[in-house]
Amino acid sequence: MNLQEPLPKNLILIGFMGSGKSTVGRELHARLGYELVDMDTVIEQREGRPISRIFEENGEEYFRDLETALLKELHGCQSGVRRIISTGGGVVGREENRRLLHNMGYVVWLHAPVAVVYERTSRNRERPLLQTENPVAKIEALMEKRQPWYEQTSHLRVDTNGLDGGELAVGILESARYFFSNP
Ligand code: S3P
């Protein structure tokens, strides 16, 4: 980060599928008023089809390329607009993405246990990576692989268990206060 330039003031949410990023993003938006960018939603809108179909028709790498392109776009945006950016759970898989995210603002890692993730994600069939024989085993394996990436990308880890979106938003803002009050 170039110290001559003002700190980027984005608030970025990362974490596994079902960890509450979209919900917390909306709560933060209500409190901060910053523009809310839900990366999955932007990609779906631009592609005109749900993520499940993007995976089905073009494969995961195509989706990952869209994710990286959107991140670069947000990173390069010089408008000074402050944003809350809610990411997809797999965005940390690429080293380039991890670097971009870390430099774009205050990165908060929302962590939820496997059982909670399973309970939330099994309510619908929106997550192509979990449409397998044994989704719990898939969640465990993916979580283990991604854990170090969430760790190195984030400035703050938040354990979400037992807290609702509003409580999480208040806690995050409290922790981020120094970051946001610094010029
Ligand atoms: C993915 C998570 C999803 C979505 C896509 C891939 C992942 O986003 O980007 O299905 O690899 O973990 P959410 O974390 O919002 O479910």
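Counting starts at 1 for both ligands and their atoms, following the listed order. Residues take their numbers from the sequence shown, with the count starting at 1. Treat the numbers as computed from the prediction; the structure is a model and nothing was measured.
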Residues K72 and E96 bridged, charged N to O under 4.0 Å:
yes

In short, salt bridge (charged side-chain N to carboxylate O under 4.0 Å, His left out) pairs touching residues 119-128 with sequence neighbours left out are E119-R123

With sequence neighbours left out, the residues meeting salt bridge (Lys or Arg N to Asp or Glu O under 4.0 Å) with E60 are R64

Next item on the list: Inspect the contact between R94 and E67 and indicate whether a charged nitrogen and a carboxylate oxygen are less than 4.0 angstrom apart.
Entry: no

Expected contact list for ligand 1 at under 4.0 angstrom, heavy-atom basis, is M17, K21, D40, I51, F63, R64, G88, G89, G90, R127, P128, L129, R146

R83 meets the salt bridge (Lys or Arg N to Asp or Glu O under 4.0 Å) criterion, sequence neighbours left out, with E35

- [ ] Check the surroundings of atom OH in Y118: do more than 12 heavy atoms from other residues, nucleotides or ligands lie under 6.0 Å from it?
- [x] no

